[in-house]
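Reading through the structure tokens given below for one structure.
Note that ligands are numbered from 1 as they come in the structure, with each ligand's atoms numbered from 1 the same way.
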Amino acid sequence: MEAVQKVALVTGGSRGIGEAIVKRLAQDGFIVFGTYNNNPDKATAISESLNAEGKSVHFIKMDIASAESVQQGIDEILTKSGRIDVLVNNAGITKDTLLMRMTEQDWDDVLNTNLKGAFLCCKAVARPMMSQRSGRIINISSIVGLRGNAGQVNYSSSKSGMIGLTKSLAQELASRNILVNCIAPGYIETDMTEKLNEDQRKAFSDKIPLKRAAKPEEVAQVVSFFAHSDSSYVTGQVIAVDGGLAM
Ligand SMILES: NC(=O)c1ccc[n+]([C@@H]2O[C@H](COP(=O)([O-])OP(=O)(O)OC[C@H]3O[C@@H](n4cnc5c(N)ncnc54)[C@H](O)[C@@H]3O)[C@@H](O)[C@H]2O)c1
């Protein structure tokens, strides 16, 4: 009998770390659904080039901060593929400023996208995963969720929240063989960190024991491990992918 091809969903899969995760899971043999929010052309270009290599990659539009949009996206995947084996909660935003300048809107936007978005996606995939009696949820937090960071009270709170979400959900879903783990990336070269100037980049790199930023692919490798059968006895864990920064 032919083995069932597993299905993975990667939020925010059209650039940066999410794009690297989409590519890696496609290489690992998953049918991959990435989500895009506002750049369909980039999403189409990625799926076309991967499909041309014989990989099965599709993009759907989803705003993770909207319960309705999340449910529609999950329903679309279930209609097309009949199952969801892996959810990677990768999509996220920053609106950095010091507390005294941070508006309520800055707080709400970041918490609603990063933390509530992850909650909504977990809730929407939990039912099909529970029926399958298997699943993997991988939350992309951040090193600042472990250590905090001046100028990021909204972002770091959302990322600390994802760690709590991971550990609580890992306990709730373990009996259904659904494993929930978390990755805390450090300084990764993407559009999100492109805003930094040369001095800021050097200051960051100098503090990292490995003395360099990571490539998005180095985060995707750890996602691949959590999505793979090799991690069958690992749940509720947070792995820092940070070049040793948070030891
Ligand atoms: N780059 C880093 O150094 C770094 C470090 C630690 C953690 N992270 C985390 O890794 C993840 C990816 O970061 P990145 O650097 O690739 O960022 P990025 O800004 O390049 O990509 C973020 C993605 O999220 C999507 N997104 C944003 N809001 C959305 C919404 N409401 N609905 C759906 N999609 C939405 C964007 O469209 C984009 O595709 C984020 O959660 C980020 O917080 C990044």
Hey, does [X] come in under 3.5 Å of ligand 1, counting only N/O atoms on both sides?
X    : result
G13  : no
S142 : no
T113 : no

Protein residue, atom and distance nearest to [atom], heavy-atom basis:
atom                    : value
atom 29 (C) of ligand 1 : N37 ND2, 3.5 Å
atom 34 (N) of ligand 1 : A91 CB, 3.5 Å
atom 32 (N) of ligand 1 : I64 N, 2.9 Å
atom 44 (C) of ligand 1 : I17 CD1, 3.6 Å
atom 21 (O) of ligand 1 : R15 NE, 3.4 Å
atom 11 (C) of ligand 1 : N90 O, 3.1 Å
atom 22 (C) of ligand 1 : G92 O, 3.6 Å

Relative to the heavy atoms of [X], which atoms of ligand 1 are at a distance of less than 4.0 Å?
X    : value
D63  : 30 (C), 31 (N), 32 (N)
G16  : 16 (O)
S141 : 7 (C), 9 (C)
M62  : 32 (N), 33 (C)
I93  : 27 (C), 28 (N)
I188 : 1 (N), 2 (C), 3 (O)

Side chain of [X], backbone of [Y]: donor and acceptor closer than 3.5 Å?
X    : Y    : value
K61  : Y36  : no
R176 : G135 : no
T11  : T35  : no
S47  : T44  : yes
N139 : L165 : no

[X] and [Y]: side chain donor to acceptor below 3.5 Å:
X    : Y    : value
S156 : N149 : no
Q237 : N181 : no
R83  : S131 : no
D63  : S69  : no

I'd like to know whether CD of E53 has more than 12 heavy-atom contacts from other residues, nucleotides or ligands below 6.0 angstrom. yes
K6 atom NZ: more than 12 heavy-atom contacts under 6.0 Å: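 12 or below, so no.
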Quick check for you: to the nearest 0.5 Å, what is the distance between N90 atom CG and R15 atom CZ?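 So the gap between those two atoms works out to 10.0 Å.
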Is it the side chain, the backbone, both or neither of A213 that has a heavy atom closer than 4.0 Å to ligand 1?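 Neither; nothing of A213 gets under 4.0 Å from ligand 1.
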Between Y155 and ligand 1, which residue portion shows a heavy-atom distance shorter than 4.0 Å: side chain, backbone, both, or neither?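 Just the side chain.
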Using heavy-atom distances, let me know which of N38, T190, I143 sits nearest atom 1 (N) of ligand 1. T190
Would you say atom 36 (C) of ligand 1 touches the protein, meaning some protein heavy atom is under 4.0 Å from it?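 It does not: no protein heavy atom is found less than 4.0 Å away from atom 36 (C) of ligand 1.
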